[in-house]
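Heads up: the structure comes next, in C-alpha cells.
Side-chain atoms are counted along with the backbone in the values below, which use heavy atoms only and exclude waters and symmetry mates.
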2 protein chains.
Amino acid sequence: MITLRQLRYLTAIAETRHFGRAAALCHVTQPALSMQIQELEQSLGCHLVERRRNAVDLTADGQEVARRGAAILASVADLEDYARREKPPLVGLLRLGIIPSIAPYLLPRALPSLHERYPHLELRIRETQTASLVEELIRGDLDLIIAALPLDRPELDTLNAFQDRFLVARQARAHRRKSERMDPSALATEHLLLLEEGHCLRDQALSVCGALSPNIQMAFGASSLSTVMHLVANGYGVTLLPEMAADIERTDRVQLIRFADPEPMRMIGLAWRRSSPRRSDAEALAKVLLDARASVSLARPQQKAVQG
Amino acid sequence: MITLRQLRYLTAIAETRHFGRAAALCHVTQPALSMQIQELEQSLGCHLVERRRNAVDLTADGQEVARRGAAILASVADLEDYARREKPPLVGLLRLGIIPSIAPYLLPRALPSLHERYPHLELRIRETQTASLVEELIRGDLDLIIAALPLDRPELDTLNAFQDRFLVARQARAHRRKSERMDPSALATEHLLLLEEGHCLRDQALSVCGALSPNIQMAFGASSLSTVMHLVANGYGVTLLPEMAADIERTDRVQLIRFADPEPMRMIGLAWRRSSPRRSDAEALAKVLLDARASVSLARPQQKAVQG
DNA sequence: CCGGGACGATCAGTTTAACTTATCGTCATG
DNA sequence: CATGACGATAAGTTAAACTGATCGTCCCGG
C-alpha cells in the first residue's frame, strides 16, 4: 500500500536528484529513503527513479508520479491547515434550543447583534420546554440550548451566562403603598398564578414560594407569561416575573416589586453535549446574551414599578 | 503526521457512522480503527467524530476532513491506476540515436510506419557515430540507440533487431563476368575504400577484409557511404556495402556482389541503459525496424547486381 | 595502475508504529 | 436486574521503518 511518506521521499528525490541529499531533506538516513523508494516502485509496479553512475533521474513515470504526489501532499497540507486553522466560533449551522420563558425577551435583543457579530452563523431556533430541549440535545437534534441551569445531566456540559432575578408582579392599585422590597412571606396570602405543567419557570416559582407557605393559593395552566401577566393586571393573583421579561411585560396596571435580600433568582446558561465541540460557540454566544441582557436591566424594575 | 490510513478509516466512519462496522470495512479490529481516529484527531488538533450513546456522528470539521480525505484518497487511487496501467511502448518523448551507416537507409522506410503505429511517439533523432551515441546514451542525453552490435558496455542492455549482410561493391564493367558469389580473398588485389575514422562500418570492413590480406590497399576518409559509392562507380576501388543500403546506393555503374558463405554480416540492434525502463520501447521499435528492413531485402541484391 | 572518495544498495539490529485479543465502563433494553 | 451493544483502554505481539555499518561500483587524481 502506498503511503504519503513514500510520496514525500519521491518528491525529495525529484528536487535533489540525489538520494543522500533527499534523505537529508527528509531528515532520515539514506538507506531509509532508498528502501521507501523501492517499496513505492514495487507497489506501483514500475520504475520511478533511474539510478545512474553519477546522477539520479526520474523516469517519465517517476516524473508523473512525483507531480501527482506533490499535488496530493499539497492537498494533505491544505487539509491540515484547514483543520488546524483558528476556528472562529458561531460559524455555519447552529441548531439552538431556547425555553419559552426566555425566548421572547432575550432573542429580540440578542439576535440583531448576534447576526452583526457573526454574519456566517446560520441559526436554526427551536423553542420548547427544557425537558424536550435536553432530550433533543442529547439525541443530536440540537447543538446548543439556552435554559435555566442547572440541568444535572452528566452527558451535558454547561456554561452560566447571567443570573435573572425573580420579581413579584401584582396588580397596581392606587391605595397600595409602594414597597421598596418585598419579603417572600408577604406572598402567603396571595393567589399565585403559574405557567402550565412542564415550564421550568413554574417549578422555580413553586420552589421560591412553595417553601414559604403550603397554604398559598395557586392557579395553574397559563401557556405564556404574557397571559399570566394579563391575569395579574386584572387582579386574579400575583406571579413571579423574571426580571428579563420586565420591560416587555410591564404595564401601568401591574406593579413589579423586587424581593428583599437574598433575592431569588435563576441562572440562565447554555448547555451542549459534552461530546460535542461546542464550548467555544457557547462562550461566544454567552457573551452576546450577556450584552443583550445588560441593556434590558438598565431599565430598573424597582424604579419603574414606582410609577405604576 | 497524518497518514492515508487514517483518512481511509475516517471515511469508513463517515460511511457507516459506526466504529465496529467501519473497522470491518477496513478489515481491522475496532480498537485499531479507534486508535487511528484518535491519532488523527490529535494530529489535526480538533474533534472529528462525536461519540454519542447510541450513535456516532462526524462534527462539521469531521465532515469536511472526511470530504477532503476522500478526495485525497481518490487522487491516490488515480495515481496508482496511472502507474499500474498497461504501458503502451513508444509513447511520449524518445531520444533516439542512430549511426550514419544505417540512418539514411532504414529511417525513410521505418519512420512512416513508426508514426502510423505509434502516433503518440515524439521522436527526437540524433545521428552520429557509435562512440558518441554510446556516450550520450550513458550520460542520459539519449534514451535508445540503433547501432551495430555488440557494444560491450556492461551498463547497456541490447536487443538484436536483424542482421545486415556486407556486399562487395565494385565498378560495373562490361568485360567482368557476373560472379554469383565472391570469395573475400578475391578482394586482396583491390583498393578498399573506407569511411573516415570513427565509423563502425569502417572497422567492420577492416575486420572483414584486413584479416585476409595485410597488403590490401586502403583509401580513407569518405564521410558518407554515398561518397564512397561514387568513388566506386568511378573505379577508384571497391567497398563493403551494407545490404540495407543496396537499393538506395545502387547505380548501373556499380556491381553489387554477395560474398561466398559464410557471408560476413553485422548485427543491427538497439541499446539502452540497463537502468532505464526502455526494453519494451526497444522491443516495439525492433519489430518496426525488422518490418522496414524486410521490405528492403526483398530486392535481392544478387539478382539486381546481375543487371549492372 | 592504484588509492581514495562519492554514491546507492544491502544487511543486521533496534526502535517505533500498528495491530490483536481481552477487558472495562456506560448506556439502553427486555 | 441481567444482557447486549458500543467505544475506550490495556497488554502483548507483529510488522514497518529507521539507523549504523558495510559492500560494490564508478570516477578521478596521483
Separation of atom [atom1] in [X] from atom [atom2] in [N], rounded to whole Å:
| X | N | atom1 | atom2 | result |
| --- | --- | --- | --- | --- |
| Ile13(B) | dG7(D) | CD1 | P | 7 Å |
| Leu33(B) | dC6(D) | CG | C1' | 13 Å |
| Glu50(B) | dG7(D) | CD | C1' | 14 Å |
| Arg274(B) | dG8(C) | CZ | P | 20 Å |
| Ile37(A) | dC18(D) | CD1 | P | 11 Å |
| Gln36(B) | dA15(D) | CD | C1' | 13 Å |
| Arg273(A) | dC27(C) | CZ | C1' | 16 Å |
| Arg17(A) | dA6(C) | CZ | C1' | 18 Å |

From the candidates dA17(D), dC19(C), dT20(C), the one with an atom nearest any side-chain atom of Pro31(B) is dT20(C)
Testing dC11(C), dC19(C), dC18(D) for proximity to the side chain of Met35(B), the answer is dC19(C)
Below 4.0 Å: OP1/OP2 of [N] and any side-chain N or O of [X]:
| X | N | answer |
| --- | --- | --- |
| Arg51(A) | dC7(C) | no |
| Thr29(B) | dC19(C) | no |
| Arg5(B) | dC19(C) | yes |
| Gln38(A) | dT10(C) | yes |
| Gln30(B) | dC6(D) | no |
| Ser34(A) | dG8(C) | no |
| His27(A) | dC18(D) | no |
| Tyr9(B) | dA18(C) | no |
| Arg52(B) | dC27(C) | no |

Taking C-beta and beyond as the side chain, do Leu159(B) and Leu285(B) meet within less than 4.5 Å on heavy atoms?
no
- Query: Of all of residues 55-66 of chain A, which get a heavy atom below 4.0 angstrom from DNA chain D, listed by number?
  - Reply: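 When residues 55-66 of chain A is checked for heavy atoms under 4.0 Å from DNA chain D, there are no hits whatsoever.
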| field | Electrostatic pair Arg266(A)-Asp203(A), nearest N-O below 4.0 angstrom | value | no
More than 12 heavy atoms from other groups under 6.0 Å of [atom1] on [X]:
| X | atom1 | answer |
| --- | --- | --- |
| Arg124(A) | CZ | no |
| Lys287(A) | NZ | no |
| His18(A) | NE2 | yes |

Position toward the 5' end of DNA chain D (nearest nucleotide), Glu155(B) or Phe19(B):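 The answer here is Phe19(B).
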